[in-house]
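See below for the structure under consideration.
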Amino acid sequence: MKDNKKVVLNVESLSISFGGLKAVSDFDIKIYKNEVYGLIGPNGAGKTTIFNLLTGVYRPDSGEILLDGENIVGKDCVQINKIGIARTFQNIRLFGKLSVLDNVKVAMHESYKYNILEGIFRLPNYYKKEKDMDEEAIKLLKVFGIDDLADVISTNLPYGKQRKLEIARALATKPKLLLLDEPAAGMNENETKELMNTILKVRDEFDMTILLIEHDMKLIKGICERITVLNFGSVLASGNLDDVLNNEEVIKAYLGA
Amino acid sequence: MNRLYNKKFIDKSITFLMIIFLYVIITLFDKNVSSLLRGLLVQFCVYSIMAVSLNLVVGISGELSLGHVGFMCIGAFVSAGFTTYMRSVLNVESIFIFIISIFLGAFVTAVFGFIVGIPVLRLKGDYLAIVTLAFGEIIKNILNAIYLGFDSKGVHVSLKNELQLGLESDGYTLIKGPLGITSIPHYSNFLIGVILLLIVIFIIYNIIDQRTGRAIMALRDNRIAGESIGLNVTKYKLIAFTISSAFAGVAGVLYAHNYNNLAATGAKFGYNMSIMVLVFVVLGGMGNIRGSIISAVILTLLPEALRSLQDYRMLMYAVVLIAVMIFTNAPAAINFRKNLKFGKGKLKDER
């Protein structure tokens, strides 16, 4: 059905073990352009490890990760971000002492360049680039409805808005693929609903491909078309949402009868 | 958003105006200024520059450096060697020589900062503190032992004594071991100090408030998140550290040309002085440029002002230090001050 669509991420037989413990073994995934893909599984199944493998925090023992056809195995975090994967973290990691605006602007450092001397002596290029950066950052913050908080120090934001800012910051690096690690963790029902709308809005407005880890089945059912269930580091089931959720093994291992 | 820019602009302006105001006051009332204070004026500038530059590493970049005075020492010796050579051998003495020596001191120190920084800043953790601590002591000890002289055949270096240099009759010994460099031309004065301080602050403010500075502060706040958005950790930490050491070199240049003789004694360039400068930074507030200057001036003045207490001097010094620490950093004290000033905006509880 999806064969006519472009594959953004193609992972084949990815494995890593930490001192004899197989954290992830033979993990495969294929994500198409403009898709919201869910990765679920019990605690300790290896979901975050997969994110760390995709973003270059860990180097896989074996397997291939192709982003837009380019093999990114062996590259470090910085290089992989430049190639086009951005992520958020399970426990929010903002630049706490910087303002909301600066949190986004620092993520744009690759797209708006001027050298340090132009900045020190405030040459025209500095003002031009800073102005462009401000405009784009505000535009981005508007999508998340936090543009009026631009000058607030990011630690002082309420929890839900910190989550949004983290997604905005990841998007500011202009990725091809966005990884969200438990975006709804610690949110109440209303906040989760709002988050679901935000994620869909991000997909449509930025033409983004999204892979997310989540425990909240409501969110998964609400926005994911296809999901993969992970158990003890290997794929238990994957495919269309309904098929997977009705799979007996999945019900036994994760959902519960 | 404009609010943010106005706030930053006002904050910077206050710092500049504060320094200029102090300068004007002291110059206007020159006759009433005590000789004690007059002798300290250049030192205020020297230690303000030291504090501000160390703040770039400790406060802005979030790394601990315990050998900042080592860089000051290099700047002092390189520049004083240059100006003294120019005067004694070539008979040139002008303010341009001094300006060249400032750039020379800053450049050589920056090179040292870069070399020290490369291996250390690739590591995570407190390695920078350990290495800089050792570096500061090594520099001090080497400069205490080195003899360096010139003659028609070129440069002679010895680590034993002056005779070992084997200079010809036209030779000239520049660095005389523990005696250091003698008869240095006296270029430094309060005006030059203030101008250098203003330039250094201007540059540091403009580094903080730009692409590079944002990246440096982002990596301080969260290294992992910084890497995830494509910031090169080593590069930005190294930039901060190199610039910081260059400014320490400038402070050294100013310091050296305030005295006739320059020797790498423990009291002036030892470990204790590095800790002193760190105290300036911590007391003034991490990342707070104006705070660094204020605390550098006050803590340079305090031991001299307390001289009448004789034996109890350092005791009082410690008590004042602790009191100020509590007043500036304890949450209760911060709330108290905020209530005093605005009657609102209490400190929020940390999550």
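Chain letters run A, B, ... following the sequence lines, proteins first and then strands; every chain starts at 1. None of the values given here were measured: they were computed from a predicted structure.
- The candidate with the highest count of non-hydrogen atom pairs below 4.5 Å against chain B, out of A/Asp147, A/Thr173, A/Asp76, A/Leu98, is A/Leu98.
- B/Leu231 contributes atom CG, which lies 8.5 Å from atom CD of A/Glu110 (distance to the nearest 0.5 angstrom).
- Nearest heavy atoms, B/Asn222 versus A/Arg93: ND2-CB, 3.1 Å.
- Proximity of B/Ile207 to A/Ile120: side-chain heavy atoms (C-beta onward) are separated by under 4.5 Å at one or more points.
- Only the side chain of A/Tyr126 comes within less than 4.5 Å of a heavy atom of chain B; its backbone N, CA, C and O stay farther away.
- A donor-acceptor pair under 3.5 Å is absent between the side-chain atoms of A/Glu130 and the main chain of B/Gln210, judged by distance alone.
- Checked for salt-bridge contact, B/Arg211 and A/Glu118 miss the test: no charged N lies under 4.0 Å from a carboxylate O.
- Atom CZ of A/Phe206 is surrounded by more than 12 heavy atoms from other residues, nucleotides or ligands within 6.0 Å.
- Shown here for A/Phe95 and B/Ala225, the closest heavy-atom pair between the two residues is CE2-CB, 3.8 Å.
- At a threshold of 4.5 Å between non-hydrogen side-chain atoms, the residues B/Ile224 and A/Phe89 count as touching.
- The 12-atom threshold is exceeded at CG of A/Asn115, counting heavy atoms of other residues, nucleotides or ligands nearer than 6.0 Å.
- More than 12 heavy-atom neighbours from other residues, nucleotides or ligands sit within 6.0 angstrom of NZ on A/Lys201.
- Applying the 6.0 Å contact sphere to CZ of A/Phe18 captures more than 12 heavy atoms from other residues, nucleotides or ligands.
- Rounding to the nearest 0.5 Å gives a distance of 8.0 Å between CG of A/Asn103 and CD1 of B/Ile229.
- The shortest non-hydrogen separation linking A/Val106 to B/Ala218 is CG2-CB, 3.8 Å.
- No more than 12 heavy-atom neighbours from other residues, nucleotides or ligands sit within 6.0 angstrom of CZ on B/Phe103.
- When the candidates B/Asp209, B/Ile243, B/Leu219 are compared by the number of heavy-atom contacts under 4.5 Å with chain A, B/Asp209 comes out ahead.
- Looking at A/Lys97, both its backbone and its side chain come within 4.5 Å of chain B, counting heavy atoms on both sides.
- Of the possible polar contacts, one joining the A/Arg122 side chain to the B/Asn206 backbone as a donor-acceptor pair under 3.5 Å is found.
- Contact check on A/Asp151 versus B/Lys8 returns no salt bridge, with no Lys/Arg side-chain nitrogen under 4.0 Å from an Asp/Glu carboxylate oxygen.
- Residues A/Met133 and B/Arg214 form a side-chain contact, since some pair of their non-hydrogen atoms from C-beta on lies under 4.5 Å apart.
- In this structure, the portions of A/Lys113 lying under 4.5 Å from any heavy atom of chain B include both its backbone and its side chain.
- Proximity to chain A involves both the backbone and the side chain of B/Ser228, based on heavy atoms less than 4.5 angstrom apart.
- For A/Leu94, the part lying under 4.5 angstrom from a heavy atom of chain B is the backbone only.
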